[in-house]
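For reference, positions follow the sequence shown, starting with 1.
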Amino acid sequence: MYERHLAGRARELEPVGIRKVVDMIDGEDAIPLAAGWPNPESFPLEDMSELIQGSLEERGDEMLQYGVTQGVERLREQIAHRLGSKFNVDARAGEVMITSGSQQGLYLLSRALLEDGDTVVAGAPTYAAALSAFESLNRTEYSNVPIDEDGLDIDRLEAVVEDESPAFVYTVPTYQNPTGITMSESRRERLVELAHEHDFLIVEDNPYSELSFETAPPDPISSIDRERTIYLGTFSKVLAPGFRVGWIVAPEEIIETLELLKQPNDLHTSSFSQYAAADYLQSGVIDEQIERISDLYVEKRDIALRSLADTMPEYVDWTRPGGGMFLWLTLPDRFDTEALLAEAVDNGVAYIPGHAFYATDPQYNTIRINYTYVDDDTLREGIELLAQTIRQHDFEDA
């Protein structure tokens, strides 16, 4: 009835591939290895309750009032300081803008940096909701660059940028969503060199880097070069996603443009959430919290890896991430994991088919599973049910 009233591009919009799967399994009795959610046990309920109560008593009027678009200055200063002291990223508060989650940051960057027909270079695979953000208002072209055990294939990237002029390269370099893979230090350095040689920007999405299980990952790409890199961060994985507080670090000229784009969108990020996040940083609780989360998640990762080794057919491969929240499974080419999903849900387990994470030329023999959300016994059961589904499907097709 209302289609003729919608704008042309609004009629063309489709849900993110992940959301299609979530909608498909809604109401189904299936173990959720699909959603990329933190474990509720990781939420610092007592600490945040005390901090928020104290904040309301001290500055309740500010917490509940409108704020400036760029964000609470005290929070921006603390983020800049933490980036410098912990990650060697040289940033000033004026180069930080607070966003309503890093997803809004991706959306604003698409408006600021892309026009119809512009090319974005992305990993194959890469974070699916970023692709949705880049396409939401623009007819974006993509060039895929494969991911291997050291991250973006820099040799392939170099060949791409010699033939094309991308607006930017989008990367999740540390404990990547969906694969869990981390880009090597040498490839980060070469990526920056290519950005200067071929005049493109790097959009570095870094939500998982603090969730490290063993050796620390390389410093962010932004620590190598601030001029060519736009950095996105978030509290969703180290505090709680419900606060919806993320940030962009970029040259002030770009921040000024992003402010203008954010103002008609939501005026500013929640003042309440920003002050709560600022107190969280100032208190020092964050470092204890990250250690608790990492301890929780490394156990779950190890459970998942052992379960995969114990139950999966020998022809299934998977990544072994050093941090983050995800594992990436690769099946033989004869499998279509989108078609397999219905069988898996019938057997009591859900996952995300890997094709959703490709901008172009999707691979249908891959699977992303999240190991952080469910309890340990349920995680074991879910992986066993997935292995049974794969074996059963292969037997029936033989």
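Between Y170 and Y142, the ring center distance fails the sub-6.0 Å criterion.
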Legend entry - Criterion side chain to side chain contact (heavy atoms under 4.5 Å, CB included) on L152 and V169, from CA distance to verdict: CA-CA 10 Å; L152 279 175; V169 171; 4.2 Å; yes

Legend entry - side chain to side chain contact (heavy atoms under 4.5 Å, CB included) between S100 and K262, worked out: CA-CA 10 Å; S100 298; K262 181 174 167 64; 3.8 Å; yes

Inset, instruction - Check the pair F357 / Y127 against ring pair (Phe, Tyr, Trp, His ring centres under 6.0 Å), numbers first and verdict last. - result: CA-CA 6 Å; F357 299 94; Y127 175 48; 8.1 Å; no

Inset, instruction - Could you walk me through whether L191 and E204 pass the side chain to side chain contact (heavy atoms under 4.5 Å, CB included) test, one step at a time? - result: CA-CA 11 Å; L191 176 57; E204 179 180 21; over 6 Å; no

Inset, instruction - Please step through side chain to side chain contact (heavy atoms under 4.5 Å, CB included) for the pair L109 and L114, ending with a clear verdict. - result: CA-CA 8 Å; L109 286 173; L114 295 175; over 6 Å; no

Inset, instruction - Kindly determine whether Y275 and E62 satisfy side-chain hydrogen bond (donor to acceptor under 3.5 Å, both in side chains), including the steps that lead there. - result: CA-CA 8 Å; Y275 277 103; E62 296 171 275; 3.2 Å; yes

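In the displayed structure, D61 atom CG is contacted under 6.0 Å by at most 12 heavy atoms of other residues, nucleotides or ligands. Atom CZ of R74 is surrounded by more than 12 heavy atoms from other residues, nucleotides or ligands within 6.0 Å.
Taking Ile, Leu, Val, Met, Phe, Trp and Tyr as members and joining any whose side-chain heavy atoms lie under 4.5 Å apart, directly or through other members, the hydrophobic cluster of F43 also contains L45. As a member of the Ile/Leu/Val/Met/Phe/Trp/Tyr network built from side-chain separations under 4.5 Å, Y66 groups with L267.
Atom OG1 of residue T337 and atom CZ of residue R368 lie 12.5 Å apart, to the nearest 0.5 angstrom. Rounded to the nearest 0.5 Å, atoms OG1 (T366) and CG (D317) are 12.5 Å apart. Between the CD atom in Q263 and the CD atom in Q70 there is a gap of 10.5 Å [rounded to 0.5 Å]. Atom CZ of R187 is separated from atom OG1 of T171 by 11.0 Å, given to the nearest 0.5 angstrom. Rounding to the nearest 0.5 angstrom, the gap separating the CD atom in E158 from the CG atom in D153 is 10.5 Å. Within the model, atoms CD1 of I98 and OG of S271 stand 11.5 Å from one another, a figure rounded to the nearest 0.5 Å.
The nearest pair of heavy atoms linking L108 to L261 is O-CD1, 3.8 Å. Here the closest non-hydrogen pair linking A133 and Q103 is CB-NE2, 3.8 Å. The nearest pair of heavy atoms linking T311 to R391 is O-NH2, 3.1 Å.
Ionic pairing of R380 and D375 is not present here: no N-O contact between side-chain nitrogen and carboxylate oxygen is shorter than 4.0 angstrom. Between E214 and R320 there is no salt bridge, since no side-chain nitrogen of the basic residue lies less than 4.0 Å from a carboxylate oxygen of the acidic one. For R226 and D90, the salt-bridge test fails: no basic side-chain N is under 4.0 Å from an acidic carboxylate O. No salt bridge links E115 with R139; every basic N to acidic carboxylate O contact stays at or beyond 4.0 Å. Ion pairing between a basic and an acidic side chain is recognised when a charged N comes within 4.0 Å of a carboxylate O; D287 and R82 show such pairing. Between D266 and R244 no salt bridge is recorded (no basic side-chain N to carboxylate O distance below 4.0 Å). Comment: E77 does not engage R92 in a salt bridge, judged by the lack of any side-chain N to carboxylate O separation of less than 4.0 angstrom.
Under the side-chain hydrogen bond (donor to acceptor under 3.5 Å, both in side chains) test applied with R188, the options T174, T182, D219 reduce to a single match, T174.
A ring-ring contact (aromatic ring centres under 6.0 Å, His included) check over residues 203-234, counting only residues at least two apart or in different chains, returns the pairs Y208-F326. Listed by first then second residue, pairs satisfying ring-ring contact (aromatic ring centres under 6.0 Å, His included) with a partner in residues 240-264 read F235-W247, not counting sequence neighbours. Counting only residues at least two apart or on different chains, no ring-ring contact (aromatic ring centres under 6.0 Å, His included) pair has a member in residues 68-107.
The backbone N or O of T215 sits less than 3.5 Å from a side-chain atom of S212, completing a donor-acceptor pair. Between the side chain of T378 and the backbone N or O of V374, no donor-acceptor pair lies under 3.5 Å. Proximity of a side-chain donor or acceptor of H268 to a complementary backbone N or O of G67 within less than 3.5 Å is detected. Formation of a donor-acceptor pair under 3.5 Å by the T140 side chain with backbone atoms of F134 is found in this model. Q176 places a side-chain N or O within 3.5 Å of a backbone atom of T179 that can act as its donor or acceptor partner. Remark: side-chain polar atoms of E141 are not paired, donor with acceptor, to backbone N or O of G117 under 3.5 angstrom. In this structure, the side chain of S42 engages the main chain of N39 through a donor-acceptor pair within 3.5 Å. S273 places no side-chain N or O within donor-acceptor distance of the main-chain N or O of S270, the cut-off being under 3.5 Å. Distance alone, capped at 3.5 Å, places no donor-acceptor pair between the N365 side chain and the T330 backbone. The closest donor-acceptor contact from the side chain of E381 to the backbone of G348 lies at 3.5 Å or more, if one exists at all.
Y364 and L386 are not part of a single hydrophobic cluster, where members link through side-chain heavy atoms under 4.5 Å apart.
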Which pairs of donor and acceptor atoms, one on a side chain in residues 193-202, lie under 3.5 Å apart (sequence neighbours left out)?
residue	atom	partner	partner atom	Å
E193	OE1	R190	NH1	2.9
H196	NE2	D225	OD2	2.8
E197	OE2	R190	NH1	3.0
D199	OD1	R228	NH1	2.8
D199	OD1	R228	NH2	3.1

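By the 4.5 Å heavy-atom criterion applied to side chains, P251 and I255 are not counted as neighbours.
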